[in-house]
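Written out below as structure tokens is the structure these notes cover.
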Amino acid sequence: MSTTPTASGPSVRSTVHGYPRIGPRRELKRATESYWKGATTARELDDVAAGLRRDVYARLREAGVDDIPSNTFSYYDHVLDTAVMFDLVPSRLPSPARAEERDERLRRYFALARGVQGAPPLEMTKWFDTNYHYLVPELSPSTRPRLVDDKPVAEFREALDAGFRTRPVLLGPLTFLLSAKVADDAPEGWEPIELLDQLLDAYVRLLADLAAAGATEVQLDEPILATDEGRAAVGYLERSYRRLGEAEERPSLLVSTYFGSIGPAALRVLKESRVEAVGLDLVTDGEGFEDLAAVSGLGSTRLVAGVVDGRNVWRTDLSSAIGRLGTLLALTDELSVSTSCSLLHVPIDLDAETSLAPELREALAFAVQKAEEVALLGRILSEGEAVDAGASAPRNPAFTDARVRARLDALGPDAYERPEDRGGPDRVTLATTTIGSFPQTSELRRSRAAHRRGELSTEEYHRILRAEIDRVIALQEDIGLDVLVHGEPERNDMVQYFAERLEGYATTENGWVQSYGTRCVRPPILFGDVSRPEPMTAEWITYAQSRTEKPVKGMLTGPVTMLAWSFVRTDQPLAETARQVGLALRDEVADLERAGIRHIQVDEAALRELLPLREERREEYLDWAVASFRLATSGVAPSTTIHTHMCYSEFNRIVGGIEALDADVTSVEAARSRMELVEALGRRGYKRGIGPGVYDIHSPRVPSVEEIEASLRLAVSHVEPANLWVNPDCGLKTRGYAEAERALRNMVEAARRVRADLAEA
């Protein structure tokens with residue numbers, strides 16, 4: 001393809017910041033889990049990975065993308081890869097680089113992500129405001145950055161041997177350090193950024209190795225610049241890229257920023273540094289153009305313009321994008337068209353979907369199609385290729401529902417309030433429960449798939465589900481849990497299950513997206529006004545309650561999480577869409593209460609996830625997020641206990657928002673973060689119920705009674721025991737029954753011990 005500039009402007013090329021790793025049919029997931037089980041070797045896993053990487057390069061070339069990235073692949077997480085590459089791992093789990101055998105290196109690598117008996121894994125939390133989870137590096141003055149792994153170099157050479165000259169992608173040093181946490185052995189007041197100069201020395205060596213291998217350009221990702229923390233670190237930014245820019249042996253440098261605008265100060269630093277290119281997200285908040293104008297353009301620094309949305313699945317309005325790109329041509333001497341961020345966050349190929357309604361399908365683009373969009377935009381600007389008049393996808397008016405809007409308009413303030421004087425069901429101190437799901441066995445998954453294909457009758461499928469509920473209820477009674485759950489055997493995913501039963505949503509067959517490690521989800525597409533045609537959960541919850549004298553919780557997914565873990569319409573404010581979902585859930589809550597269910601859990605796992613990266617926008621977000629939850633839950637009687645659950649995010653910043661939800665009980669991830677949120681709630685004098693997770697369900701290790709007991713005693717030191725619940729970090733669907741049962745028995749015994757000591761005190 002020619003990239004000769006037209007008479008009216010400079011050369012324009014096309015690229016993407018990154019691409020999904022998992023394979024079109026989740027090949028990486030299956031190969032990795034097979035390796036974990038010992039069914040395949042490290043060599044076999046490496047062969048699958050190499051094939052997936054080659055396929056990605058070929059797909060991008062076929063799409064017409066000019067500049068192809070490499071080192072966007074990871075067996076588990078790119079932040080973990082960076083920590084391992086620079087030997088920045090906690091001493092309890094030695095760096096895989098210290099082992100000689102490939103198999104041993106992989107086992108140590110996965111131990112950092114998943115833990116092993118006696119050694120818990122790294123903490124896991126959300127990657128900025130996405131549903132991707134990263135492993136949080138633990139750093140202290142005793143950690144010494146040094147280059148001990150050649151993954152970026154090896155993958156560049158691998159691509160070169162296959163006929164692809166790629167652009168290696170590295171996590172930037174500033175984002176790595178500001179996304180890390182302080183290790184327990186660090187002195188008070190020490191911060192990871194103090195390792196910057198040592199880490200930069202390691203980066204300089206890596207850049208030299210990449211240059212020696214033949215790399216002509218390297219991408220350094222600095223999404224931290226879209227946050228308040230990143231904007232406040234402009235001095236460190238200048239220091240970092242002065243040092244890297246002055247390196248004698250290096251490729252050209254592209255500093256890529258995304259998830260929002262970075263502000264004029266940071267952009268000016270990058271413009272005045274020696275980096276050759278800067279990537280900007282020109283989609284997320286619309287302020288990137290203002291930043292460029294404030295610094296009078298980039299001049300000779302190449303602009304990599306993120307005008308194709310890398311996080312949502314709607315087709316790009318090409319006419320509008322061309323207009324914006326035309327404006328940018330006056331602000332830089334050299335331009336590349338790109339996605340706003342890595343395509344890691346969207347499904348791979350729309351062509352794999354055969355059941356979507358035609359009018360919806362025409363409005364969508366997945367990773368393959370978005371790569372084609374950036375390539376087309378590059379050709380249009382460079383070669384004058386004609387724009388398809390139908391390139392913009394108009395919204396179908398049928399996507400709105402006047403009845404939904406009329407119901408919302410009729411609501412008064414009382415729809416969002418619960419009485420202060422509440423008397424929920426009597427319970428014991430340190431009541432034990434679980435978050436909701438129990439292990440999803442292979443037999444259960446096969447039955448669900450067979451029913452979906454029409455090979456298993458609804459009657460037989462429901463018999464299987466009832467038998468699984470019987471098993472779960474009996475097991476919980478035997479273990480001694482106080483508040484039971486039905487185990488969610490009917491649910492494929494906590495968002496998809498509800499999306500399949502709500503109007504205004506569509507679901508995909510193969511739209512898989514990586515959430516963490518080998519955990520993949522199929523985010524539904526929220527395209528229209530939302531309503532609930534009929535009850536969604538009451539049949540299964542009431543059946544479970546009929547099998548026991550103990551209380552059974554009903555479980556729903558909250559409105560914010562339904563938005564966060566979906567691809568959401570962009571033609572109206574998120575606040576309005578959240579209210580629609582909240583109203584639909586309010587109807588379901590009412591049905592559960594009428595059926596006699598007195599504990600109802602509305603999970604808001606993503607409340608922290610959608611928190612804007614900038615402080616100035618957070619109050620507005622929390623106002624509508626809290627309102628949508630309260631709309632869903634405020635119609636119940638004072639005697640009904642409303643629970644909520646949140647997981648795997650740093651919640652300290654939204655303690656006020658958690659209080660404002662006005663839930664009677666909030667269960668939170670706390671095991672990997674060592675009860676940090678509980679301490680924060682204790683300082684605020686939090687008066688509602690709190691259920692800190694006392695063991696990490698994302699690790700296969702089974703915590704001992706003593707370990708859980710220690711966590712509970714720490715929680716009791718911060719929160720009134722009368723307000724404390726005992727539960728795992730999250731649902732148990734990804735675990736096996738053997739480990740889940742052992743862990744729950746240990747949890748109940750630990751609670752019994754602490755409860756007994758409190759009774760004697």
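The analysis underlying the following values was restricted to heavy atoms, covering all of them including side chains, and did not include hydrogens, waters or symmetry mates.
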* To do: For a side chain to side chain contact (heavy atoms under 4.5 Å, CB included) with Val705, tell me which candidate from Met747, Arg752, Glu749 qualifies.
  => Glu749
* Spatial distance of atom OG1 (Thr640) from atom CG (Leu592) [nearest 0.5 Å] -> 10.0 Å
* To do: Evaluate the side chain to side chain contact (heavy atoms under 4.5 Å, CB included) criterion for residues Glu509 and Ser355: first the C-alpha distance (whole Å), next the side-chain angles of each, then the deciding distance (0.1 Å), finally the verdict.
  => CA-CA 8 Å; Glu509 299 170 276; Ser355 60; 3.3 Å; yes
* Who pairs with Glu619 by salt bridge (Lys or Arg N to Asp or Glu O under 4.0 Å), at least two apart in sequence or on another chain? -> none
* Counting only heavy atoms not in Glu33, do more than 12 sit closer than 6.0 Å to its CD atom? -> yes
* To do: Salt-bridge test for Asp184 and Arg92: reply yes if a basic N is under 4.0 Å from a carboxylate O, no otherwise.
  => no
* Ser628 vs Val560 side-chain heavy atoms within contact, under 4.5 Å -> yes
* Structure fact -> For Leu622 and Gly657, the nearest pair of non-hydrogen atoms, with its separation, is CD2-CA, 4.5 Å
* How long is the gap from CG on Asp401 to CD on Gln580, to the nearest 0.5 Å? -> 8.5 Å
* Asked: For Ala740 and Pro439, which heavy atoms make the closest approach, and how far apart are they?
  -> CB-CG, 4.1 Å
* Could you list all the ring pair (Phe, Tyr, Trp, His ring centres under 6.0 Å) pairs where at least one residue sits in residues 455-475, not counting sequence neighbours? => His451-Tyr461, His462-Trp540
* Counterpart residues, side chain to side chain donor-acceptor pair (under 3.5 Å), relative to Glu706 (two or more places apart) -> Arg753
* May I have the step-by-step check of side chain to side chain contact (heavy atoms under 4.5 Å, CB included) for Glu417 and Ser634, ending in yes or no? => CA-CA 5 Å; Glu417 300 295 335; Ser634 292; 5.5 Å; no
* To do: Return the set of residues passing salt bridge (Lys or Arg N to Asp or Glu O under 4.0 Å) with Arg519 (not counting sequence neighbours), or none when no residue passes.
  => Asp493
* Does the side chain to side chain contact (heavy atoms under 4.5 Å, CB included) test come out yes or no for Thr507 and Arg522, once each step is laid out? -> CA-CA 8 Å; Thr507 57; Arg522 280 181 293 166; over 6 Å; no
* Look at atom CD of Glu459 and say whether more than 12 heavy atoms of other residues, nucleotides or ligands are closer to it than 6.0 Å. => no
* **Cys730 vs Glu669 side-chain heavy atoms within contact, under 4.5 Å** => no
* Please identify each residue that fulfils side-chain contact (heavy atoms from CB on, under 4.5 Å) with Thr644, with sequence neighbours left out. => Glu604, Phe629, Met646, Leu661, Ala663, Thr666
* Asked: With under 30° as parallel and over 60° as perpendicular, where do the rings of Tyr35 and Phe110 fit, or are they tilted in between?
  -> tilted
* Structure fact -> For Ile469 and Ala544 the tightest heavy-atom approach is CG2-CB, 3.7 Å
* **Spacing of CD belonging to Glu468 relative to OG1 belonging to Thr441, to within rounding of 0.5 Å** => 5.5 Å
* Does any N or O in the side chain of Arg742 come within less than 3.5 Å of the main-chain N or O of Val702, such that one atom is a donor and the other an acceptor? -> no
* Consider only side-chain N and O atoms of Asp482 and Thr432, and report whether a donor and an acceptor are under 3.5 Å apart. => yes
* Structure fact -> Residue set satisfying salt bridge (Lys or Arg N to Asp or Glu O under 4.0 Å) with Asp529, at least two apart, ordered chain then number -> Arg405, Arg569
* Asked: What pair of heavy atoms forms the shortest contact from Thr429 to Ala722, and how long is it?
  -> CG2-N, 4.4 Å
* Asked: Hey, are the side chains of Thr508 and Pro347 touching, using non-hydrogen atoms and a 4.5 Å cut-off?
  -> no
* Tyr132 side, atom OH; Glu609 side, atom CD - distance, nearest 0.5 Å -> 13.5 Å
* Using modelled atom types only, decide if a donor and an acceptor are shared between the side chain of Asn727 and the backbone of Gly691 within a distance under 3.5 Å. => yes
* Asked: Does a side-chain heavy-atom distance below 4.5 Å link Phe527 with Phe567?
  -> no
* Structure fact -> Rounding to 0.5 Å, atoms CG (Leu712) and CG (Leu724) come to a distance of 6.5 Å
* Beyond-backbone contact of Leu475 with Leu744, side-chain heavy atoms, under 4.5 angstrom -> no
* Asked: Salt bridge check: are Arg501 and Glu588 linked by an N-O gap of less than 4.0 Å?
  -> no
* What heavy-atom pair brings Trp512 and Cys520 nearest, and what distance separates the two atoms? -> CZ3-O, 3.7 Å
* Taking Tyr416 for the side chain and Leu411 for the main chain, is one N or O donor matched with an acceptor at less than 3.5 Å? -> no
* Is there a donor-acceptor pair under 3.5 Å between the side chain of Gln440 and the backbone N or O of Arg491? -> yes
* Report yes if some heavy atom in the side chain of Met555 is under 4.5 Å from a heavy atom in the side chain of His643; otherwise report no. => no
* Asked: Do the charged groups of Glu707 and Arg701 touch, with an N to O distance under 4.0 Å?
  -> yes
* To do: Name all pairs fulfilling the salt bridge (charged side-chain N to carboxylate O under 4.0 Å, His left out) condition that reach into residues 543-557, sequence neighbours left out, sorted by first residue then second.
  => Asp470-Arg547
* How are the rings of His599 and Trp725 set relative to one another: parallel (under 30°), tilted (30 to 60°) or perpendicular (over 60°)? -> perpendicular
* **Arg688 side chain reached by Glu659 side chain, heavy atoms, under 4.5 Å** => no
* Tyr543: ring-ring contact (aromatic ring centres under 6.0 Å, His included) partners, not counting sequence neighbours -> none
* Asked: In Å and rounded to the nearest 0.5 Å, what is the NE2 to OG1 distance from His133 to Thr125?
  -> 7.5 Å
* To do: Determine, for Phe438 and Arg471, whether the Lys NZ or Arg CZ falls below 6.0 Å from the six-membered ring centre while staying within 45 degrees of the axis.
  => no
* Partners of Arg114 by side chain to side chain donor-acceptor pair (under 3.5 Å), sequence neighbours excluded? -> none
* Asked: Got a sec, which residues hit side chain to side chain donor-acceptor pair (under 3.5 Å) with Arg463, two or more places apart in sequence or on another chain?
  -> Glu460
* **Partners meeting side chain to side chain donor-acceptor pair (under 3.5 Å) with Ser531 (sequence neighbours left out)** => none
* Smallest separation among heavy atoms of Ala578 and Pro559, with atom names -> O-CB, 3.7 Å
* Let me see the working for Ile473 and Gln476 under side chain to side chain contact (heavy atoms under 4.5 Å, CB included), right down to the final yes or no. => CA-CA 5 Å; Ile473 292 295; Gln476 291 173 93; 4.0 Å; yes
* Are a donor atom and an acceptor atom from the side chains of Glu500 and Gln496 found within less than 3.5 Å of each other? -> yes
* Residues in salt bridge (Lys or Arg N to Asp or Glu O under 4.0 Å) contact with Arg745, at least two apart in sequence or another chain -> Asp478, Glu741
* With the side chain counted from C-beta on, respond yes when Arg713 and Asp757 share a heavy-atom pair under 4.5 Å apart, and no when they do not. => yes
* Without swapping roles, check the side chain of Ser437 against the backbone of Leu732 for a donor-acceptor pair under 3.5 Å. => yes
